[in-house]
Colleague: 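For reference, the structure I am asking about is given below.
So you know, we letter chains A, B, ... as the sequences are listed, proteins then strands, and number each from 1.
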Amino acid sequence: IVIPPPNVTGRLTLGHILNNTIQDILIRYKKMNGFETLWIPGMDHAGIATQVKVEEERLLPKGIRKEDLGREKFLEQVWRWKEEYADVIRMQLRKMGCALDWTRERFTLSEDYSKKVIKVFVDLYNKGLIYRGEKIINWCPRCLTALSDEQVETENKSGKLYYIRYPMKGSNSFVVVATTRPETMLGDTGICVNPKDERYQQLVGKKVLLPIMNREIPIIADDYVDPEFGTGALKVTPAHDPFDFELSKKHNLQIINIMNPDGTLNEDAGEYAKMDRFEARKKIIEHLKSLELLEKTENYTVPMGICERCETPIEPRLSKQWFVKMKPLAEPALEVVKNGTIKIYPKRWINLYNHWLENVRDWCISRQLWWGHRIPIYYCKKCQEMEKSQIPDPKQDKGIVVSESKPDRCPHCGSTEIYQDEDVLDTWFSSWLWPFATLGWPENTDDFKHFYPTQTLATGWDIIYLWVARMIMAGLEFTKNIPFSNVVFHPMIRDEKGRKMSKSLGNSPEPMELIEKYGADALRLGLMLITPAEQDVLYSEKSIDVGRKFCNKLWNAARLVLTGFPQTPEGFPDELSDFDQWILNEFNQLLKDAEFYLNNFEFNSLSRRLYDFVWHKFCDWYLEIIKIPPYNQKNISKYLLRQVLKVLHPFIPFVTEEIYQKFTKKEKSILLENYPTICDIKSSTTMVSELINLVTEIRNIRGLFSLPHNETTTIVISTDDERRNLIEKNTTVLQKLAKLDSIVFGNKPKTAVATIVLPRVIGYLILKGVDINKEKKRLETEIQFLTQRIDELKNRLNNPRYFNQVNESVRQKEEKRLEESLVKIEYIKQAMENL
RNA sequence: GGGCGAAUAGCUCAGAUGGUGAGAGCGUCUGCCUUACAAGCAGAAGGUCACCCGUUCAAAUCGGGUUUCGCCCACCA
């Protein structure tokens with residue numbers, strides 16, 4: 001396993017705890033099952049995220065901008081930040097018990113790793129899969145960089161739809177257009193209508209006068225325009241809308257960029273130059289009103305893109321950026337999931353994966369940032385100048401050199417005036433190499449040969465596009481192999497009200513404080529107990545307390561086992577009591593379930609199953625029984641506890657190790673032991689179950705008659721020989737567990753009694769204040785219930801269709817239920833007569 | 001607009017291939033300081049499994065539809 005590298009932006013969150021707990025469980029489980037395991041740690045430089053953090057927390061308070069420092073000085077600051085938080089993250093991963101191999105720690109911006117990133121860029125460029133293009137991209141006016149489509153989140157904001165009149169040239173009439181971003185009108189270079197729209201057909205080819213700017217712009221026709229929306233006429237702003245840009249190319253419209261990178265308007269916006277885009281919106285509306293060119297305003301929900309890092313509204317902006325052609329990479333990635341070479345858990349995420357890859361668009365990878373891998377593109381000043389005067393075709397990248405290291409001379413003209421592109425690469429352009437770059441690729445290292453492809457990637461579903469799909473593409477493209485066989489998507493952690501964890505809401509708990517308060521094991525187990533496979537986790541601190549209580553319970557149980565039975569052997573004893581067999585049988589079932597759940601990455605189910613076994617089987621019944629002589633002299637508690645600790649260890653490594661050391665006297669870590677295997681059970685364990693049922697029934701009736709728990713009572717039992725033997729053999733156990741002073745065999749005593757009926761056993765509890773009529777009623781209700789059930793079962797079993805279709809084991813179970821019910825009803829009737 | 005998911009006890013959720021009298025944790029109530037554990041033990045109450053129709057000997061589970069909620073994607077400005 002290679003860790004999904006945490007961002008060096010800050011401390012780990014609860015989400016990281018969840019993510020790493022899952023991986024640690026897998027690593028420890030496989031290790032104990034005899035596999036060679038490796039879990040590689042590492043961190044991600046997280047380009048934009050870290051840069052924004054450092055600016056906000058290190059520079060802003062001092063009132064300086066990064067431009068004041070300059071690129072080099074600023075990067076020094078970021079590296080210092082990185083070192084600080086890398087230390088914190090290392091400490092956090094250790095505290096939560098992650099069995100990582102720290103000798104192999106990696107970083108996406110280390111010198112070594114950077115070389116791999118640059119190599120990949122150059123390779124892709126040479127293969128024609130990277131190109132420079134002038135397109136409308138997502139621009140964050142706050143971060144001053146381009147973003148990929150995946151780094152933009154869409155929020156539906158309530159806004160307005162403005163209807164603006166564009167006067168026809170040489171006429172008194174208007175064409176009315178509807179827009180949500182009226183300020184962009186300053187950059188309009190056309191009006192577009194649907195050619196089939198009869199309202200406008202005669203206007204196509206004519207011109208309107210753009211208000212405020214007083215520019216003549218043509219009316220064109222294109223199928224793209226939906227006649228139903230707004231007025232059916234679309235204002236075309238090529239520099240500020242992706243489709244308008246396409247239209248402008250198709251119809252040869254002028255392209256006018258009216259905005260500066262920081263979201264203020266530029267000189268092409270006339271009198272609005274230097275004004276912020278939202279301020280300009282208000283002013284322009286006022287302006288249009290005064291010209292009587294604003295026809296109306298409607299409320300409208302606007303899907304607005306915001307920067308995932310700073311939540312600033314994105315501005316679609318025309319600019320020259322570097323792109324990766326995704327289609328050729330996507331096809332093989334789709335195939336490996338389709339044919340099952342890579343398995344995705346839970347399955348439902350496959351849909352999402354496919355949908356994205358089938359509709360994938362080219363990936364904008366250049367960022368106008370400082371923190372990141374500098375793009376290995378070098379420009380020749382001379383050629384560029386030549387290009388401007390001689391070769392006007394912008395598609396030709398003349399004067400550009402793509403190289404892993406800085407070239408001395410321009411290969412075209414021999415000039416030494418060469419400078420590198422200022423931009424860096426998208427942070428995900430390094431992350432997508434993670435599974436193999438961490439193992440030494442492109443060198444054919446021992447690690448790479450031995451450990452690649454990796455087995456399992458565990459991560460949150462939120463980065464399925466940003467990261468997972470791209471890693472699969474990169475793995476197939478560069479290593480000709482899948483990067484991992486399994487992808488386990490775990491849910492997002494939300495607060496109790498279902499809201500996302502965020503700093504501004506203050507609902508994001510600090511994991512280290514939780515570890516301080518409850519212990520790392522409690523945190524790990526508590527999270528596993530509440531983390532469903534397919535739904536988001538609603539976190540509350542209570543669940544961590546549940547984890548802590550469990551650890552405490554285990555600790556106390558271990559205390560009893562280690563000190564309470566000094567005579568018992570530590571190994572597997574020669575002779576097993578009925579109760580030993582019973583608990584071993586239960587343990588075998590647990591092991592079967594554990595294997596199933598782990599193979600299917602169902603950690604939640606397994607953690608619940610473990611909890612239930614340890615608490616409600618091992619502690620509540622087995623440990624209680626073996627306190628009672630003669631079982632306190634001879635039992636398998638020490639053996640079984642050791643096995644149980646091993647099964648629990650992947651979930652709660654610390655407390656299990658601590659207890660285990662008490663056995664081995666600090667000689668060997670429990671992690672180096674073998675995982676338990678299923679052992680033979682010779683005899684049937686149903687008799688013990690019957691005994692347990694009898695105890696439960698007695699406790700139940702005692703409760704019904706409000707008998708205080710410190711008072712004992714007498715029971716008279718009428719049963720067959722087999723059960724009489726069983727009960728006689730376990731008299732003390734029964735007495736202790738059911739609070740009985742004596743057990744007598746025989747028929748109903750003359751005193752008033754409460755009646756307990758099990759198949760083949762009638763028990764009469766001698767109690768005060770028993771109302772015979774109420775007892776009769778209680779038993780009659782039971783008879784009624786059983787009669788109904790017997791009818792149902794008989795009907796079913798006599799039905800040939802049932803008989804033919806149902807599988808053997810189910811039918812046997814049903815037959816047994818019928819038999820038990822028939823026996824039980826006879827016993828109840830017998831008990832009724834005695835009343 | 002397209003797609004995905006959810007609806008089960010007061011709350012948060014389990015219930016794989018249809019088949020036990022639908023479970024757990026928390027909360028509530030009753031009784032217990034029983035020598036591992038009061039951070040605990042023994043019990044109880046509490047559910048028309050959102051609604052309708054269908055398939056089946058049998059549906060919380062499968063199919064169709066309805067309602068409510070959540071998420072993702074999308075170039076109707």
Colleague: Return the set of residues passing side chain to side chain contact (heavy atoms under 4.5 Å, CB included) with K157(A) (not counting sequence neighbours), or none when no residue passes.
Modeller: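 K157(A): side chain to side chain contact (heavy atoms under 4.5 Å, CB included) contacts with E155(A), M304(A).
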Colleague: Treat primed atoms plus P, OP1 and OP2 as sugar-phosphate and everything else as base, then score nucleotides 17-25 of chain B 5' to 3': B for base contact with protein heavy atoms under 4.0 Å, S for sugar-phosphate contact only, - for none.
Modeller: --BSB---S
Colleague: Would you please name every residue forming a side chain to side chain contact (heavy atoms under 4.5 Å, CB included) with K135(A), sequence neighbours left out?
Modeller: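 Per chain and number, K135(A) pairs via side chain to side chain contact (heavy atoms under 4.5 Å, CB included) with Y131(A), F323(A), D362(A).
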Colleague: Look only at the side chain of N635(A) and the backbone of Y631(A), and say whether a donor-acceptor pair between them is shorter than 3.5 Å.
Modeller: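 Yes.
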Colleague: May I ask you to check if R348(A) and W461(A) form a cation-pi contact, with NZ or CZ under 6.0 angstrom from the six-membered ring centre and within 45° of the axis?
Modeller: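 R348(A) over W461(A) ring: no.
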Colleague: Side-chain N or O of Y518(A) versus OP1/OP2 of A39(B): is the shortest distance under 4.0 Å?
Modeller: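 No, outside the criterion.
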Colleague: Taking N or O atoms only and anything under 3.5 Å, show me the protein contacts with nucleotides 70-72 of chain B, one pair per line.
Modeller:
| residue | atom | partner | partner atom | Å |
| --- | --- | --- | --- | --- |
| C72(B) | O2' | Y465(A) | OH | 3.4 |

Colleague: List in chain and number order the residues that pass side chain to side chain contact (heavy atoms under 4.5 Å, CB included) with E782(A), two or more places apart in sequence or in another chain; answer none if no residue qualifies.
Modeller: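 Per chain and number, E782(A) pairs via side chain to side chain contact (heavy atoms under 4.5 Å, CB included) with L786(A), K824(A), I828(A).
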Colleague: Where along residues 180-197 of chain A does a heavy atom fall under 4.0 Å from RNA chain B?
Modeller: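 Residues of residues 180-197 of chain A that come under 4.0 Å of RNA chain B are, in numerical order, T180(A).
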Colleague: Can you tell me which stems RNA chain B forms when a stem means 3 or more consecutive Watson-Crick or G-U pairs under 3.5 Å?
Modeller: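 The stems are B:1-7 with B:67-73, B:10-13 with B:23-26, B:28-32 with B:40-44, B:50-54 with B:62-66.
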Colleague: Listed by chain and number, what are the side chain to side chain donor-acceptor pair (under 3.5 Å) partners of W621(A), not counting sequence neighbours?
Modeller: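 If we apply the side chain to side chain donor-acceptor pair (under 3.5 Å) test to W621(A), skipping adjacent residues, there are no hits.
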Colleague: Taking only nitrogen or oxygen atoms into account, show me every contact under 3.5 Å that the protein makes with nucleotides 27-32 of chain B, one pair per line with its distance.
Modeller:
| residue | atom | partner | partner atom | Å |
| --- | --- | --- | --- | --- |
| G31(B) | O2' | H709(A) | N | 3.2 |

Colleague: Below 4.0 angstrom from OP1 or OP2 of U12(B), is there any side-chain N or O of Q535(A)?
Modeller: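 No, Q535(A) has no side-chain N/O under 4.0 Å of OP1/OP2 on U12(B).
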Colleague: Does any part of the side chain of L147(A), heavy atoms only, come nearer than 4.5 Å to the side chain of I137(A), both counted from C-beta?
Modeller: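 I137(A) does not reach L147(A) side chain to side chain.
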Colleague: Going by the rule salt bridge (Lys or Arg N to Asp or Glu O under 4.0 Å), which residues pair with E246(A) if we only count those two or more places apart in sequence or in a different chain?
Modeller: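 Salt bridge (Lys or Arg N to Asp or Glu O under 4.0 Å) list for E246(A), sorted by chain: empty.
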Colleague: Is it the case that over 12 heavy atoms from other parts of the model lie below 6.0 angstrom from the CD atom of Q812(A)?
Modeller: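 Yes, CD of Q812(A) has more than 12 neighbouring heavy atoms, counting only those of other groups under 6.0 Å.
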Colleague: What residues, two or more places apart in sequence or in another chain, satisfy ring-ring contact (aromatic ring centres under 6.0 Å, His included) together with Y163(A)?
Modeller: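 For Y163(A) there are no ring-ring contact (aromatic ring centres under 6.0 Å, His included) partners, ignoring immediate neighbours.
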Colleague: What pairs with F550(A) under ring-ring contact (aromatic ring centres under 6.0 Å, His included), at least two apart in sequence or on another chain?
Modeller: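 For F550(A), the residues satisfying ring-ring contact (aromatic ring centres under 6.0 Å, His included) (neighbours in sequence not counted) are Y611(A).
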